[in-house]
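Right, one structure below, let's go through it.
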There are 2 protein chains.
Amino acid sequence: MLPGMTATRSTRQRDVISRVLDGAEGPLTVGEVLRRAQTDLPGLGIATVYRTLKLLTEQRRIHPVALDGETLYEPSGRGHHHHFSCTSCHRVFTLHSCPLSLPAGSVYPGGFVVEAHEVTLYGRCPQCAATG
Amino acid sequence: MLPGMTATRSTRQRDVISRVLDGAEGPLTVGEVLRRAQTDLPGLGIATVYRTLKLLTEQRRIHPVALDGETLYEPSGRGHHHHFSCTSCHRVFTLHSCPLSLPAGSVYPGGFVVEAHEVTLYGRCPQCAATG
DNA sequence: GTGCCTGCAAACTTTTTGCAGTGCG
DNA sequence: CGCACTGCAAAAAGTTTGCAGGCAC
């Protein structure tokens, strides 16, 4: 480790929070991370969740997803993907295909140099479409 | 007017806030709406901005746009469009073309019934691309 | 044993609500 | 002139920070 750097410890809290995010079906809100992590670690505090999400984000192990004005978190390194937000049950799903062909470096009409893109689809998830 | 319904009045505050949104180059944050509206109406309070944005949203005259965890507002009825968020100057622009062909009712791989979609492009705006 | 990490509580920030006065219709 | 609307201030909700004790290493 470089001089001046501080160590980052492995703790039960951080392990549980990472595991919750890794095992989720899609990105989670702060509250949802807390709730799920507390089933393993009842005493876990919300401040630790915020601090850990910030730490993991700085380490690029997870990243925030802005959706409907909420900030959700999901693990990084799962490749390019997008999200589907169900207007009925309000769950968010991860979509593994991309409907868009816009490689980084493309120039969009008007002179906008595209570095990245985000697509969110809204509608009814398979379950809600069948039910409703 | 139907019985039980309450009237909605036209006021200087509402007019100014609507005008600010109509004249903006892209969607605005609550704080930005307040700041711009106050140049015309210095005494305007933040509570009135929140209440008016909520009212205009219920009337479908404007709608919220989720972007980077912030909620921005823009006028409705300007047709299908998307947004470009500049990673350098952090301004948000409105894009008048759509890179995506996904009509409402399409079924996306996995059985997701699409009602709407949102695309956000990230990168450098024409100005920042030229400067930087 | 050292000092990073945690839980709790207090401090901030952002959004909502209550209330008395104001002004639209 | 009645009552919806506004500004102010307090309340509620969401996020960050300070601190004393606990635990990883």
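Order of the sequence lines sets the chain letters (A, B, ...), proteins ahead of strands, with each chain counted from 1.
Taking the centre of each ring, A:H82 and A:H117 come in below the 6.0 Å mark.
Distances shorter than 4.0 Å separate none of the side-chain N or O atoms of B:S10 from OP1 or OP2 on C:dC24. Residue A:T11 places at least one side-chain N or O under 4.0 Å from the OP1 or OP2 atom of C:dT6.
A:L41 places its CG atom 14 Å from the C1' atom of D:dC23, with the value rounded to the nearest Å. When the P atom of D:dT6 is taken as reference, atom CG of B:L34 falls 13 Å away, rounded to whole Å. Between B:Y73 atom OH and C:dT14 atom C1' the separation is 12 Å, expressed in whole Å. Atom-to-atom, CG of B:L72 to P of C:dT15 comes out at 11 Å; the value is rounded to the nearest Å. Atom CD1 of A:I46 is separated from atom P of D:dG14 by 10 Å (rounded to the nearest Å). Separating the CD atom of A:E32 from the C1' atom of D:dG14 is a distance of 16 Å, rounded to the nearest angstrom. Taking atom CZ of residue B:R12 and atom P of nucleotide C:dC24, one finds them 10 Å apart after rounding to whole Å. Distance OH (A:Y50) to C1' (D:dG14): 5 Å, rounded to an integer number of Å.
The nearest pair of heavy atoms linking B:C125 to B:F93 is CB-CE1, 3.6 Å.
The side chain of B:R9 lies closest to D:dC3 when the candidates are D:dC3, C:dC5, D:dC19. Nearest nucleotide to the B:Q13 side chain, out of C:dT14, C:dT6, D:dG7: D:dG7. Nearest nucleotide to the A:A47 side chain, out of C:dA9, D:dC25, D:dT6: C:dA9. Side-chain atoms of B:K54 lie closest to C:dT17 of the nucleotides D:dC25, D:dC5, C:dT17.
A:G31 comes within 4.0 angstrom of nothing in the nucleic acid, heavy atoms only. Among the heavy atoms of the strands lying under 4.0 Å from B:L44 are primed sugar atoms or P, OP1, OP2 only; no base atom is included.
Salt bridge present: B:R36 and B:E32 bring a charged side-chain N and a carboxylate O closer than 4.0 Å. Using a cutoff of 4.0 Å between basic side-chain nitrogens and carboxylate oxygens, B:R12 and B:D40 are not scored as salt-bridged.
Looking at A:R51, its side chain comes within 3.5 Å of the base of D:dG18 through a donor and an acceptor atom.
Residues A:V33 and A:L72 fall into different hydrophobic clusters, defined by Ile, Leu, Val, Met, Phe, Trp and Tyr side chains chained together at heavy-atom separations under 4.5 Å.
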